Number of protein chains: 2
Amino acid sequence: MPSERNVDVQELADAVRRGSPRAVARLISLVEDAAAVPGRDGVLRQVMARLATGAGGPCGARVIGLTGAPGVGKSTTTNMLIAALRGRGHRVGVLAVDPSSPFTGGALLGDRVRMRGHATDPDVFIRSMSSRGHLGGLAWAAPQALRVLAAAGCDVILLETVGIGQIEVDIARLADTTVVLLAPGMGDDVQAAKAGILEIADVFVVNKADHEGAQATVRELRTMTSVAKGPWRPPIVTTVATRGDGAGDLLTALDKHLAHLEESGEDHRRRLTRAREEIESAALARLRSRFAGPHDDRLDALARRLLAGEVDLYTAADDVIAALNRSARPTV
Amino acid sequence: MPSERNVDVQELADAVRRGSPRAVARLISLVEDAAAVPGRDGVLRQVMARLATGAGGPCGARVIGLTGAPGVGKSTTTNMLIAALRGRGHRVGVLAVDPSSPFTGGALLGDRVRMRGHATDPDVFIRSMSSRGHLGGLAWAAPQALRVLAAAGCDVILLETVGIGQIEVDIARLADTTVVLLAPGMGDDVQAAKAGILEIADVFVVNKADHEGAQATVRELRTMTSVAKGPWRPPIVTTVATRGDGAGDLLTALDKHLAHLEESGEDHRRRLTRAREEIESAALARLRSRFAGPHDDRLDALARRLLAGEVDLYTAADDVIAALNRSARPTV
């Protein structure tokens, strides 16, 4: 775990701006630390404030989310997309978020190996991020990591999530375009669990299109999307990511969705909602660090009274907030 | 969705205390509503305050968590445990939490059908809860639902989670004893993902023990637990839940863990930590409802400035907090 000490704030900010992979990695580690331990964000705040004032701001990158059940081929598809985007001259960031790996202090790296083809490319930044510490930490940390990658000059960022669930849905909301991947022949459990994921798709990819049942999956999706409400009907792209088949079609679908976002003004609306949520998460994290310190006796005393049935939960929560207001410094 | 209107607070509290299944269901629905929509908790607060003042307090129930990958037989094991606990005369609550079902407004009910054998038993309360709205909502709502079940006289509550991931780990922390279920012959993906779950086990169950490979799973677990740190080594129980085989062994393992918790004082420590976290979640939810209202122009204005790069995230968050402090009423 990197230490906050001995960090030259301006130097780190400058190195990130220059696109130093080492500096990017270090700053994202500071983000992870701050998410895991409330209040450990002194240096991070200073660096991020310096990065925020750059031309265009750090929100300028296009964020493409990739999500789907394990086994559909997300990493190979990400790999294919990296190659296609590099072919267009983009600097590409990849943030692979793995909420199912809470204890290892780093996401499962097996799949990442497949991206090694790009490991020596100075214009490709790949980072895994797992969910350390408090639930909700990831909701705060992921946008910060995106900001770091954007500040390093990545104009397209692929945001890959492992698995399907509420966290994936929340992470998907950070993306401008969400790609949902499916593969033929997945089990019933997966079909059921997909329920939540299908609704967030802007683009569908049926990967492993050379496998049996691919056309049935496409037909199923076509039926589903034909009743889609709203002005955008998610296109269905078939790929064989291991061979690079369908990369062009996928880029075209992504371009079309970007054009739709810009023409409809949805682009701005999505980014505004995201900025609101980001501020909200940051404010909550800051408040949490104030009253959830390990040595806060007031919270302990309230917890004891709650256990004893002397106070109800809501009154206890109000007491914490009242104490927070009393202790609030006039200038934060 | 139940309405807050036309609720007689005292009547609802009394009916929950009497163990009316209808009242329990209604109050848990109010919990879900409050988790989904910040600020919609007026009636809930009043009812919960009344329930909190009862003898013993609503924390009195013993909570047993059951977690494991899909397909290991959690529902049948829960079913088996319900029968065993009913045989001992307990009133049993079951809360099945499904974070992977964010949009349906109710957990997947397929598995629940297997518990129907207990549906007409007035001393068994079964409730599913999915994750609606903001991530973190479930972390707040699940303990509230446990309080409701405890207030209804359930002295043992089975807390079942669907799937494996960070949310499951967080939910498991609500339990006094966490049972991790495995079954022979699960795939590699599952093996890897288990990494986070294994560490939270107080008791292991190898279900489907009549299947090939069960003894290998047991041996693997035995090797793993033999190097366990701390005074408690998780026992390994083999079951065939569909036939009720192993129910007695599982109860014995649960009894032993309870005795260990009480003798070591760990019982009290766990409950105190939980109470702290519960107060914290409630306080954050309350703060969130103050500044995250849909019509809060200040947050919108800050979001616009963040997008334009005129302000950095941390300064924006501090502005929100400062506004919160200014607007704080002296008596909350």
Side-chain angles (χ1 to χ4, degrees), chain A residues 45 48-49 52-53 56-57 59 70-71 99-104 108 131 135-136 139 163-167 169-170 189 192-193 195-196 199 271-272 275-276 278-280 282-284 286-288 291-292 299-300 302-304 306-309 312-314 316-318 320-322 325 328 332, chain B residues 45 48-49 52-53 56-57 59 70-71 99-104 108 131 135-136 139 163-167 169-170 189 192-193 195-196 199 271-272 275-276 278-280 282-284 286-288 291-292 299-300 302-304 306-309 312-314 316-318 320-322 325 328 332:
Chain A
R45 286 170 69 91
M48 294 304 271
T53 52
C59 300
S100 69
S101 181
F103 287 110
T104 51
L108 298 174
S131 167
L135 190 70
I164 41 177
Q166 180 63 47
I167 294 184
V169 170
D170 274 36
D189 277 359
E199 305 183 33
R271 282 168 184 239
L272 199 62
R276 272 184 66 117
E278 209 179 335
I279 295 172
E280 212 187 295
L284 285 177
R286 193 123 177 81
L287 287 167
R288 187 167 183 268
F291 61 70
L299 192 52
D300 258 351
L302 278 171
R304 277 174 216 284
L306 180 67
L307 274 184
D312 72 293
L313 176 66
Y314 289 92
D318 286 346
V320 168
I321 294 171
N325 285 327
V332 187
Chain B
R45 287 171 68 92
M48 294 304 269
T53 54
C59 300
S100 68
S101 181
F103 287 110
T104 51
L108 298 173
S131 167
L135 191 70
I164 41 177
Q166 180 62 49
I167 295 185
V169 171
D170 274 37
D189 276 359
E199 304 183 32
R271 283 170 184 238
L272 200 61
R276 272 184 66 115
E278 209 179 337
I279 295 172
E280 213 187 295
L284 285 177
R286 193 124 177 80
L287 286 168
R288 188 166 184 269
F291 61 70
L299 193 53
D300 258 351
L302 278 169
R304 278 174 215 284
L306 181 67
L307 274 185
D312 73 293
L313 177 65
Y314 290 93
D318 286 346
V320 168
I321 294 172
N325 285 326
V332 188

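These numbers come from a predicted model, not from an experiment. Throughout, protein chains are lettered first and strands after them, A, B, ... in sequence-line order, and every chain is numbered starting at 1.
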> Does the side chain to side chain contact (heavy atoms under 4.5 Å, CB included) test come out yes or no for A:R45 and B:D318, once each step is laid out?
Replying inline: CA-CA 11 Å; A:R45 286 170 69 91; B:D318 286 346; 2.6 Å; yes

Answer yes or no: is there a side-chain heavy-atom contact under 4.5 Å between [X] and [Y]?
X      : Y      : value
B:R304 : A:L272 : yes
B:R276 : A:L307 : no
B:V320 : A:E280 : no

> Do you know the tightest heavy-atom contact between A:I321 and B:A283?
Replying inline: CD1-O, 3.7 Å

> Where do B:D312 and A:M48 come nearest, in terms of heavy atoms and distance?
Replying inline: CB-O, 4.5 Å

>> As an exercise, state the distance from CG of A:D300 to CD1 of B:I279, rounded to the nearest 0.5 Å.
In response: 9.0 Å

